[in-house]
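Below: one structure, written as structure tokens.
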There are 2 protein chains.
Amino acid sequence: MGKSKTLLFTTAQNDLADLAKALAHPARIAIIQYLANSQSCINVTLVTELGLAQATISQHLRELKELGLVRGSIEGASVNYCLDLTRWREVQQHFQSFFEQISESNTNGLCCN
Amino acid sequence: MGKSKTLLFTTAQNDLADLAKALAHPARIAIIQYLANSQSCINVTLVTELGLAQATISQHLRELKELGLVRGSIEGASVNYCLDLTRWREVQQHFQSFFEQISESNTNGLCCN
DNA sequence: ATAGTAAATCGCAATATCACGATGATATGA
DNA sequence: TCATATCATCGTGATATTGCGATTTACTAT
């Protein structure tokens, strides 16, 4: 990407951007939704569910794990993945305060009609 | 990227991913916040505010405009940008229902301890 | 007209992302 | 032990993103 100039921005801005990046791919959205809906924490049934290669799913899971959104625990030969709900509440909070900042915007139709 | 396989996913999943992508860069977060906080709709004062080149800002603004998050109206030689608050309420709704889906998750600590 | 300012666009270089086959590590069951 | 199954990681090709200088377009003021 030609080096995103993270130094120009605040930590909060970079953090939110990183979280958004994690959600910036339909496969990751789908993985998260699948984990949210499945009773048991699911491993790579995701491969057959989503129609992507095992290596690809694994890579997406790693990104989600790196941000703490998903955890995995070894269960014999396989790995059980699940959402870290505590972390997700945090994340939701981040987004929420961002959105609030916008809705409290004083751009009251004063411009751009 | 090697062609993201959008066809495998639902429209809702792709849409949310696209919105997230728009927020997946600190410069765009900063632009949005600046627009939210400024009284008048601001043009590329953003260049001096953010410390990025004019071409770069213009490109980020275009991405935001393409998703309808930001509008610009020509004002003589310059352009006034502002947030489309109606659109933003929509966007917030998208994210909110995604987060609700997660918090209603039945992953009640049954796994991954 | 001419010069100056504001912004969009083009084209490039650097880097990041996505998808996947292949390989390797580990664990299970015969 | 040996075959099989589940994952993670590496390496690679294809594509996308960032950032910017240079150019172009449009308007303003002199």
Side-chain angles (χ1 to χ4, degrees), chain A residues 1-9 13-14 17-31 35 40-67 70-82 111-112, chain B residues 1-9 13-14 17-31 35 40-67 70-82 111-112:
Chain A
M1 279 191 217
K3 187 165 292 176
S4 137
K5 302 187 138 186
T6 48
L7 295 177
L8 293 176
F9 308 102
Q13 287 167 338
N14 282 309
D18 284 342
L19 289 172
K21 206 176 297 185
L23 305 182
H25 195 288
R28 289 193 291 270
I29 300 281
I31 288 173
L35 288 174
S40 56
C41 295
I42 294 301
N43 68 344
V44 178
T45 328
L46 291 167
V47 173
T48 57
E49 279 295 324
L50 301 190
L52 289 171
Q54 183 265 322
T56 307
I57 300 284
S58 190
Q59 205 176 356
H60 284 308
L61 281 168
R62 180 165 50 154
E63 286 179 66
L64 295 172
K65 268 193 289 184
E66 272 165 9
L67 280 169
V70 156
R71 276 179 310 175
S73 63
I74 298 173
E75 193 79 28
S78 59
V79 176
N80 268 8
Y81 292 103
C82 68
C111 64
C112 297
Chain B
M1 278 188 216
K3 190 164 294 179
S4 139
K5 302 189 139 186
T6 48
L7 295 176
L8 293 176
F9 308 102
Q13 287 168 337
N14 282 309
D18 284 342
L19 289 172
K21 204 175 296 182
L23 305 182
H25 195 287
R28 288 192 292 269
I29 300 280
I31 287 173
L35 289 174
S40 55
C41 296
I42 294 300
N43 69 342
V44 176
T45 327
L46 292 167
V47 173
T48 57
E49 279 296 324
L50 302 191
L52 290 171
Q54 183 265 320
T56 307
I57 300 285
S58 190
Q59 205 175 355
H60 284 308
L61 281 168
R62 180 167 49 155
E63 286 178 66
L64 295 172
K65 269 194 288 184
E66 271 164 9
L67 281 169
V70 155
R71 276 180 309 175
S73 62
I74 298 173
E75 193 79 30
S78 59
V79 176
N80 267 10
Y81 292 103
C82 68
C111 64
C112 297

With rounding to the nearest 0.5 angstrom, report the [atom1] to [atom2] distance, [X] to [Y].
{"X": "Leu46(A)", "Y": "His60(A)", "atom1": "CG", "atom2": "NE2", "value": "11.0 Å"}
{"X": "Cys82(A)", "Y": "Arg71(A)", "atom1": "SG", "atom2": "CZ", "value": "5.0 Å"}
{"X": "Ile31(A)", "Y": "Leu61(A)", "atom1": "CD1", "atom2": "CG", "value": "4.5 Å"}
{"X": "His25(B)", "Y": "Thr6(A)", "atom1": "NE2", "atom2": "OG1", "value": "9.0 Å"}
{"X": "Leu52(A)", "Y": "Leu8(B)", "atom1": "CG", "atom2": "CG", "value": "5.5 Å"}

For residues 44-58 of chain B, pull every pair meeting side chain to side chain donor-acceptor pair (under 3.5 Å), keeping only residues two or more places apart or in separate chains. Asn43(B)-Thr45(B)
Side chain to side chain contact (heavy atoms under 4.5 Å, CB included) with Ala20(B): which residues, sequence neighbours excluded?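 Ala20(B): side chain to side chain contact (heavy atoms under 4.5 Å, CB included) contacts with Leu23(A), Ala24(A), Phe95(B).
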Measure across Leu67(A) and Ala22(A) and return the closest heavy-atom pair with its distance rounded to 0.1 Å.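 Nearest pair, atom of Leu67(A) first, then Ala22(A): CD1-CB, 3.4 Å.
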Tell me which residues in residues 58-66 of chain A put a heavy atom below 4.0 Å from DNA chain C, sorted by number, or none.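 When residues 58-66 of chain A is checked for heavy atoms under 4.0 Å from DNA chain C, the hits, listed by number, are Gln59(A), His60(A), Glu63(A).
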If you take any heavy atom closer than 4.0 Å to DNA chain C, which residues from residues 45-57 of chain B end up in contact?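 Here the set is Gln54(B), Ala55(B).
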Return a single string for nucleotides 1-6 of chain D, one symbol per nucleotide in 5' to 3' order, where B is base contact, S is sugar-phosphate-only contact and - is none, cutoff 4.0 angstrom on heavy atoms. -----B
Below 4.0 angstrom from OP1 or OP2 of dA6(C), is there any side-chain N or O of Tyr81(B)? no
Among all residues two or more places apart in sequence or in another chain, which pass the side-chain hydrogen bond (donor to acceptor under 3.5 Å, both in side chains) test with Gln13(A)?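 Scan of Gln13(A) (side-chain hydrogen bond (donor to acceptor under 3.5 Å, both in side chains), adjacent residues dropped) gives Thr10(A), Gln33(B).
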With Glu75(A), which residues qualify under side-chain hydrogen bond (donor to acceptor under 3.5 Å, both in side chains), at least two apart?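 Scan of Glu75(A) (side-chain hydrogen bond (donor to acceptor under 3.5 Å, both in side chains), adjacent residues dropped) gives none.
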With sequence neighbours left out, what residues match Glu63(A) under salt bridge (Lys or Arg N to Asp or Glu O under 4.0 Å)? Arg28(A)
For the pair made of [atom1] in [X] and [atom2] in [N], what is the distance, rounded to whole Å?
{"X": "Asn80(B)", "N": "dC27(D)", "atom1": "CG", "atom2": "C1'", "value": "14 Å"}
{"X": "His25(B)", "N": "dC20(D)", "atom1": "NE2", "atom2": "C1'", "value": "13 Å"}
{"X": "Phe9(B)", "N": "dA19(C)", "atom1": "CZ", "atom2": "C1'", "value": "11 Å"}
{"X": "Glu75(B)", "N": "dC27(D)", "atom1": "CD", "atom2": "P", "value": "13 Å"}
{"X": "Asp18(B)", "N": "dC18(C)", "atom1": "CG", "atom2": "P", "value": "12 Å"}

